[in-house]
Amino acid sequence: MTIATLRKKFIEGSYTPDDAVAHTLEVIANKDPEIHAFLDVYEDAKDEAVKATARYKAEGGATPALLGIPFAIKNNILIKGRKATAASKILKNYVATYDATVITRLREAGAIFVGSTNLDEFAMGSSTENSAFGPTKNPHDTSRVPGGSSGGSAAAVAMGAVPAALGTDTGGSVRQPASFCGLVGFKPTYGAVSRYGLMAMGSSFDQAGPLTTTVEDAERIHNVIAGLDPMDSTTIDSNTYPQVPIKQTYTIGIPRAFLKEGIDQEVMNVFEAHIETLKNKGYKIVDIDLPLFEKGLAAYYISIPAEVSSNLARYDGMRYGLRVDGDTLLDVYEKTRAEGFGEEVKRRILLGTYVLSSGYYDAYYAKAEAVRELMREELAHVFTSVDLVLTPSAPTVAFTFGAHADPVSIYKQDIFTVPVNLTGVPAISIPGGVVQKGDKSLPVGVQYIAPHGGDTRLFDIGKKIYDALLPEEQ
Ligand code: GLN
């Protein structure tokens with residue numbers, strides 16, 4: 001059931017938070033031994049549910065917007081008193097000492113956290129195969145990955161355990177798993193949502209966003225977690241921002257030249273069919289040029305390792321997390337990091353340290369940041385003639401485990417998503433259709449990109465062309 005339906009039933013009294021949480025725990029008990037979406041399950045969520053049920057009895061519709069709704073939270077987001085591992089050995093037993101702002105806000109709105117979800121270590125990856133605690137399987141086909149890095153959050157929703165989960169998106173980690181698991185995944189405008197209490201990967205890229213089954217639910221969650229936060233100086237006040245209005249209809253740009261290479265034909269077929277639907281509904285479709293988008297991956301895989309190498313310097317065996325003893329201070333650092341970090345994390349730290357080092361900084365890091373600025377200008381220019389940009393969310397459907405053993409081949413998964421984080425604009429992935437493989441239907445997502453601050457416009461188009469087609473829930 002969606003959040004909207006649960007809320008309605010909770011207020012009516014025909015279904016209660018007790019029922020919802022019991023259902024969640026039952027689904028987890030039945031399905032998670034195989035799927036492995038969860039790293040931890042909070043059995044005490046039942047106690048929260050008892051309180052929420054009583055509150056609905058007493059206050060009905062006057063209760064907060066998300067009261068009693070079960071939520072799963074990606075395990076790189078801090079919940080006070082709960083383990084926060086980032087799916088890394090280095091934080092295996094680490095317990096968070098404070099709530100992230102997004103958690104505080106969800107809590108105030110009445111959400112019930114039922115567990116933490118699996119991810120690629122420190123959110124680096126596109127398949128959850130980089131988790132130190134084993135991968136998550138895609139509920140649509142367990143021989144395939146759920147996407148990543150928020151693969152656990154996506155699988156938790158797709159297997160029907162929770163109506164919603166929170167993920168983080170640095171280069172596509174909410175949108176790509178949404179695409180692979182047949183869900184809605186939203187990446188807000190940079191600064192719309194506080195990063196306080198998110199484990200930093202790329203601080204100039206990271207945003208937290210919802211994974212849900214409808215656009216309306218994603219919007220509900222976003223409205224709860226978004227807004228200025230004194231604990232994150234990069235947060236923006238949407239009221240003081242140039243307004244991106246909602247319109248009756250939209251002009252939608254397709255960057256045709258960008259969609260030529262490396263995309264599976266079956267994904268393209270779903271994408272073209274989606275465009276036809278838009279045309280039939282009267283939307284104006286135009287071709288646009290975004291030549292610099294093709295440089296997105298190259299820029300991303302320089303800037304991101306740079307920020308990763310800096311952000312992960314804190315895991316040194318001194319402050320918290322794993323500590324491996326050694327003869328000297330340097331020895332402790334080296335042994336702790338060698339044992340605590342997985343291969344992909346180490347690769348990025350090494351690469352990032354290299355591109356930031358004297359002599360290479362100007363050649364690599366400064367150049368990547370310059371490309372980023374030019375991409376922002378290019379995109380802003382495109383948005384003077386179109387309202388939205390449309391691309392596939394990912395170049396393939398969910399792939400099988402081990403299919404992308406070489407790092408560059410998996411980085412290519414991010415081709416359509418990273419330009420969004422590089423430029424700071426918002427984007428949403430919505431289910432566009434399915435590809436049939438044997439007896440399995442594999443979902444394909446389409447991605448809408450809006451101008452900076454255009455989060456509401458994305459919810460608007462999403463509701464018009466996706467939610468509107470869904471059957472009424474009973
Ligand atoms: N797949 C991308 C990466 O590995 C995106 C990760 C993310 O958004 N956290 O960097």
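Numbers here are sequence positions counted from 1. Note that ligands are numbered from 1 as they come in the structure, with each ligand's atoms numbered from 1 the same way.
- Just one residue in the list D414, T417, D169 forms a side-chain hydrogen bond (donor to acceptor under 3.5 Å, both in side chains) with R175, and that residue is D169.
- In summary, the aromatic rings of F122 and Y315 are positioned with their centroids under 6.0 Å apart.
- Residues F113 and Y42 place their aromatic rings such that the two centres sit no closer than 6.0 Å.
- Sorted by first then second residue, the ring pair (Phe, Tyr, Trp, His ring centres under 6.0 Å) pairs that include residues 407-437, not counting sequence neighbours, are F258-F416, Y301-Y411.
- Ring geometry, F399 versus H404: the interplanar angle exceeds 60°, so the pair is classed perpendicular (tilted spans 30 to 60°).
- Around OH of Y360, the count of heavy atoms belonging to other residues, nucleotides or ligands within 6.0 Å does not exceed 12.
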For ligand 1, which of its N or O atoms have a protein N or O partner closer than 3.5 Å, and how long is each gap?
unit_1   : atom_1 : unit_2 : atom_2 : d
ligand 1 : 1 (N)  : G125   : O      : 3.0
ligand 1 : 1 (N)  : S126   : OG     : 2.8
ligand 1 : 1 (N)  : D414   : OD1    : 3.2
ligand 1 : 1 (N)  : D414   : OD2    : 2.9
ligand 1 : 4 (O)  : G125   : N      : 2.9
ligand 1 : 4 (O)  : Y301   : OH     : 3.4
ligand 1 : 4 (O)  : R348   : NH1    : 3.4
ligand 1 : 4 (O)  : R348   : NH2    : 2.8
ligand 1 : 8 (O)  : T170   : N      : 2.8
ligand 1 : 8 (O)  : G171   : N      : 2.6
ligand 1 : 8 (O)  : G172   : N      : 3.3
ligand 1 : 8 (O)  : S173   : N      : 3.0
ligand 1 : 8 (O)  : S173   : OG     : 2.6
ligand 1 : 9 (N)  : A123   : O      : 2.8
ligand 1 : 9 (N)  : S149   : OG     : 3.4
ligand 1 : 9 (N)  : S173   : OG     : 2.7
ligand 1 : 10 (O) : Y300   : OH     : 2.6
ligand 1 : 10 (O) : R348   : NH1    : 2.8

